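Proteins come first, then strands; the chains are lettered A, B, ... in the order of their sequence lines, and each starts at number 1. All values reported here derive from a predicted model rather than from experimental measurement.
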2 protein chains.
Amino acid sequence: MVTIKQVSELAKVSSATVSRVINNADSVKLETRKLVEAAMKELGYRPNSIAQSLASNKTNTVGYVVPQLYGSFGIMMSGSEEVLRRANKHMFIMTGHSNEKDEKSAIEALLMRRCDALILHLESTSDEYLIELAKQKVPFVLVNRVIEAIEDNCISLDNHFGGYLASKALIDKGHRDIAYIAGSLWKSDAIERLQGHKEALAEANIAYDESLIYEGDFQVHSGVEGIETLLNAGKKFSAVACGNDEMASGAIGALRDAGLKVPESVSVVGFDDVEFSNYLTPRLTTIRYPMKEIGQMAARWILNRAYENSSMQLQHVLSPHLIERESVCDAGG
Amino acid sequence: MVTIKQVSELAKVSSATVSRVINNADSVKLETRKLVEAAMKELGYRPNSIAQSLASNKTNTVGYVVPQLYGSFGIMMSGSEEVLRRANKHMFIMTGHSNEKDEKSAIEALLMRRCDALILHLESTSDEYLIELAKQKVPFVLVNRVIEAIEDNCISLDNHFGGYLASKALIDKGHRDIAYIAGSLWKSDAIERLQGHKEALAEANIAYDESLIYEGDFQVHSGVEGIETLLNAGKKFSAVACGNDEMASGAIGALRDAGLKVPESVSVVGFDDVEFSNYLTPRLTTIRYPMKEIGQMAARWILNRAYENSSMQLQHVLSPHLIERESVCDAGG
DNA sequence: AACACACATGTAAACGCTTACAAAACATTC
DNA sequence: GAATGTTTTGTAAGCGTTTACATGTGTGTT
């Protein structure tokens with residue numbers, strides 16, 4: 001690999017001057033600049049950014065931890081990438097695999113690489129660890145989770161409001177017997193969404209009926225099981241709200257298998273608006289989880305706090321909204 | 001940030017010794033090792049991998065270029081991540097946005113970062129550039145594309161065979177009037193898939209009818225348009241093979257809108273087996289594109305060539321296979 | 001012609017590690 | 001107890017940049 005030294009020799013200037021033209025900072029006479037550029041070109045010079053980082057003590061890289069590389073996290077990352085790219089920052093992406101050990105070691109690796117800042121989508125790391133991280137002055141934003149003590153570092157979605165919106169959409173169509181298939185209730189988002197559902201019921205003066213609630217686990221099969229359980233118990237309902245789109249998909253299938261038409265006999269709302277919800281039959285009415293916007297917002301936070309030292313206020317809690325498609329219709333068909 | 005020097009002072013040894021325990025190489029007396037480890041712990045020392053890379057001339061990082069961060073590329077990357085992680089290598093992911101400028105600048109950035117090797121999923125970069133890259137002794141694997149001159153660097157899918165399999169599946173069910181909705185025919189994979197289709201027809205002695213072919217663009221809407229065009233032209237067919245799942249999804253919708261039942265009146269096969277194909281109604285019969293395996297294979301190549309200097313032969317062309325679900329049935333219902 | 005001042009360039013120390021080589025410490029053998 | 005070998009540790013020179021500071025060069029003013 002060709003170094004700055006070789007370029008400087010060919011151009012008959014000092015390496016400091018070459019460095020100046022690379023960073024096109026300071027003043028370099030146009031004439032010498034041309035000379036240096038010609039030399040760089042001739043030698044096929046590529047600045048070694050490892051060395052640059054060591055010397056300048058910044059990597060222009062933000063570390064990213066996501067549970068997995070596929071699925072909706074990709075959307076989020078591409079939101080971040082879009083805004084970071086404009087600022088000439090890069091992302092170093094690692095996966096946490098939803099377990100504490102991997103999440104921590106991902107963060108450690110990122111810190112060893114001296115990332116200038118971090119964007120973290122964690123699932124198993126403790127609040128304490130993150131609070132400690134904040135104490136160490138590591139600039140990071142925590143996505144999809146809020147920890148009171150470091151609230152300013154958090155960007156999240158208003159799950160409660162989303163849950164409310166979903167059920168409200170059903171109620172507005174005249175439904176009153178509404179079943180609910182929840183996600184794993186040890187997860188905060190599942191709880192919040194369910195609470196939103198309850199609020200919508202309360203607001204419409206519909207009595208909350210515990211037996212219309214089924215606790216699933218966010219997977220397709222639990223949507224199926226939810227419907228089967230409800231139906232076998234002889235429950236009556238004209239609509240089902242689901243904790244996410246996967247379960248909604250399972251629910252639709254199970255309803256169809258039971259000879260019930262969606263939405264004519266039973267309306268269904270999902271949550272998240274994942275890619276396939278638009279491909280279901282009927283196309284799924286759901287709550288849009290603004291993954292891309294969250295990714296963008298996180299990147300903006302980083303740009304502000306870690307690179308520009310501004311502390312401009314950003315929106316920390318994003319609002320979901322309803323996407324009306326075909327899986328919900330008026331009560332009574 | 002605490003440095004190796006501070007650790008060495010606290011442990012009353014030289015920095016070389018600390019380095020030795022970090023890399024747990026060479027011989028370090030157990031006693032001193034304990035001493036050093038205690039010091040590292042006390043100071044909360046994190047080796048600076050930037051400095052390590054500069055000194056050792058390796059980054060333990062493989063650069064990754066994909067068109068986008070979301071969609072099926074995520075699956076591929078996670079395949080790679082899985083195998084690289086076991087070897088303690090990391091990935092630096094960048095996006096090429098399917099245009100030459102971004103792809104090239106991504107590669108350049110990766111080289112500046114002195115990645116030990118690259119995995120490239122490119123769409124617009126010229127063969128020449130890549131051949132030149134190979135000449136520069138940059139270890140890289142090119143995914144989903146084959147360039148004769150650097151064949152050993154390429155890992156791809158047998159699209160021709162996939163196209164053949166898809167149409168064969170239809171023919172085996174007794175279909176003889178088979179329409180085909182192709183992807184953009186300036187893309188090599190679209191062409192190859194179509195050729196596979198033709199081969200299957202030929203093998204079954206079915207005359208190739210140009211008017212049953214529609215050229216789409218791999219997007220949902222072109223599946224819709226394909227069906228509408230064919231139907232409006234008064235074409236008769238009992239089955240449709242599609243260049244990918246998106247178009248198949250569009251086709252299914254259009255068929256249903258035209259009052260035709262899938263699969264009873266018209267069978268449909270897709271290609272790729274993307275996530276949502278399993279959620280369609282009917283669940284889509286399609287050709288499985290082994291994205292994850294390709295990612296794994298690419299990572300293994302890298303491990304072999306760039307890190308272990310072995311040159312063990314790997315499978316360079318992967319075979320797709322048929323996933324039978326519900327969108328295909330016997331001709332005649 | 002002397003001076004001040006801006007602008008352009010060079011010198012060399014740092015950044016935090018690794019590693020070849022040298023030195024020291026210890027163990028073994030005769 | 002000297003000679004030898006082995007293991008452990010230290011010394012110091014890199015790795016390829018950036019950047020504070022010093023030096024040089026040119027212009028305008030008096």
Side-chain angles (χ1 to χ4, degrees), chain A residues 1-40 43-61 88 90 108-116 307, chain B residues 1-40 43-61 88 108-116:
Chain A
M1 284 275 86
V2 12
T3 71
I4 207 175
K5 190 123 185 303
Q6 300 174 41
V7 174
S8 74
E9 279 162 6
L10 180 58
K12 300 195 196 315
V13 298
S14 74
S15 61
T17 298
V18 178
S19 172
R20 291 189 181 100
V21 351
I22 291 170
N23 300 291
N24 51 300
D26 292 22
S27 46
V28 179
K29 226 194 330 185
L30 182 64
E31 192 183 339
T32 43
R33 172 187 302 274
K34 297 256 187 206
L35 231 54
V36 171
E37 278 166 351
M40 295 199 304
L43 296 174
Y45 172 67
R46 287 192 189 96
N48 180 332
S49 49
I50 296 289
Q52 289 180 315
S53 295
L54 184 61
S56 67
N57 198 31
K58 49 199 286 264
T59 54
N60 289 311
T61 299
N88 271 306
H90 298 135
E108 284 302 319
L110 259 15
L111 292 175
M112 285 177 54
R113 270 167 208 258
R114 299 299 188 267
C115 289
D116 298 325
Y307 290 110
Chain B
M1 284 274 84
V2 13
T3 71
I4 206 175
K5 189 123 186 303
Q6 300 173 39
V7 174
S8 74
E9 279 160 7
L10 180 58
K12 300 195 196 314
V13 297
S14 74
S15 61
T17 298
V18 178
S19 172
R20 290 187 183 102
V21 350
I22 291 169
N23 300 290
N24 52 300
D26 293 24
S27 45
V28 179
K29 225 194 329 186
L30 182 65
E31 191 183 338
T32 42
R33 171 186 301 275
K34 298 254 187 209
L35 230 54
V36 171
E37 278 166 352
M40 297 199 301
L43 296 175
Y45 173 66
R46 287 192 190 99
N48 180 332
S49 49
I50 296 289
Q52 289 180 313
S53 295
L54 185 61
S56 66
N57 198 31
K58 49 200 285 265
T59 54
N60 289 311
T61 299
N88 271 307
E108 284 301 320
L110 259 13
L111 292 175
M112 285 176 55
R113 272 172 203 256
R114 298 300 188 267
C115 288
D116 299 325

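Other residues, nucleotides and ligands place no more than 12 heavy atoms under 6.0 Å from the CG atom of B/Asn57.
Of all heavy-atom pairs between B/Tyr45 and B/Val2, the closest is CD1-O, 3.4 Å.
Rounding to the nearest 0.5 Å gives a distance of 12.0 Å between CG of A/Leu43 and CD1 of A/Ile4. Atom CG of B/Asn48 sits about 11.5 Å away from atom CG of A/Leu111, to the nearest 0.5 Å. To the nearest 0.5 angstrom, A/Ser8 atom OG is 12.0 Å from A/Leu35 atom CG. Considering CZ of A/Arg20 and NZ of A/Lys29, their distance stands at 13.5 Å, rounded to 0.5 Å. One distance of note links OG of A/Ser49 with NZ of A/Lys58; it measures 12.5 Å at 0.5 Å rounding. A distance of 11.5 Å separates CG of B/Leu54 from OG1 of B/Thr59, quoted to the nearest 0.5 Å.
With sequence neighbours excluded, the residues satisfying side-chain contact (heavy atoms from CB on, under 4.5 Å) with B/Lys5 are B/Thr3, B/Glu9. Applying the salt bridge (Lys or Arg N to Asp or Glu O under 4.0 Å) test to B/Glu108 and every residue at least two apart in sequence or in another chain returns A/Arg46.
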| request: Take A/Asn60 and A/Gln52, measure what side chain to side chain contact (heavy atoms under 4.5 Å, CB included) needs, and give me the verdict at the end. | output: CA-CA 10 Å; A/Asn60 289 311; A/Gln52 289 180 315; over 6 Å; no

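Protein chain B touches strand DNA chain C; the 5'-most and 3'-most nucleotides with an atom under 4.0 angstrom of its non-hydrogen atoms are C/dG16 to C/dA20.
When rounded to the nearest whole Å, the span between CD1 of B/Ile22 and P of D/dT9 equals 15 Å. Computed from coordinates, the A/Glu31 CD to D/dT25 P distance equals 15 Å when rounded to whole Å. Computed from coordinates, the B/Glu9 CD to D/dG10 P distance equals 13 Å when rounded to whole Å. In this entry the distance linking NZ of A/Lys5 with C1' of D/dC15 reads 13 Å, nearest Å. Computed from coordinates, the B/Lys12 NZ to D/dG10 P distance equals 12 Å when rounded to whole Å. The interatomic distance linking A/Asn23 (CG) with D/dT17 (C1') rounds to 9 Å, in whole Å. Atom NZ in B/Lys29 sits roughly 10 Å away from atom P in D/dG10 (whole-Å rounding).
When the nearest nucleotides of DNA chain D are assigned to B/Arg114 and B/Val28 by heavy-atom distance, the more 5′-ward of the two goes with B/Val28.
In terms of modelled atom types and a separation under 3.5 Å, the side chain of B/Ser19 and the main chain of B/Ser15 share no donor-acceptor contact.
For D/dT7, neither phosphate oxygen OP1 nor OP2 lies less than 4.0 angstrom from any side-chain nitrogen or oxygen of B/Ser27.
Among the protein residues, B/Ser49 comes within range of no part of the nucleic acid, since none of its heavy atoms lies under 4.0 Å from any strand.
Across A/Val13, A/Val21, A/Thr17, a single residue satisfies side chain to side chain contact (heavy atoms under 4.5 Å, CB included) together with A/Arg33, and that is A/Val21.
Proximity of residues 13-21 of chain B to DNA chain D (heavy atom under 4.0 angstrom from any strand atom) is restricted to B/Val13, B/Ser14, B/Ala16, B/Thr17, B/Arg20. Within residues 51-61 of chain B, the residues that have a heavy atom under 4.0 Å from DNA chain D are, in order of number, B/Leu54, B/Ala55.
Helix bend of the helix from C/dA1-D/dT30 to C/dC30-D/dG1: the angle between its two end axes, each built from five pairs, comes to 50° after rounding to 10°.
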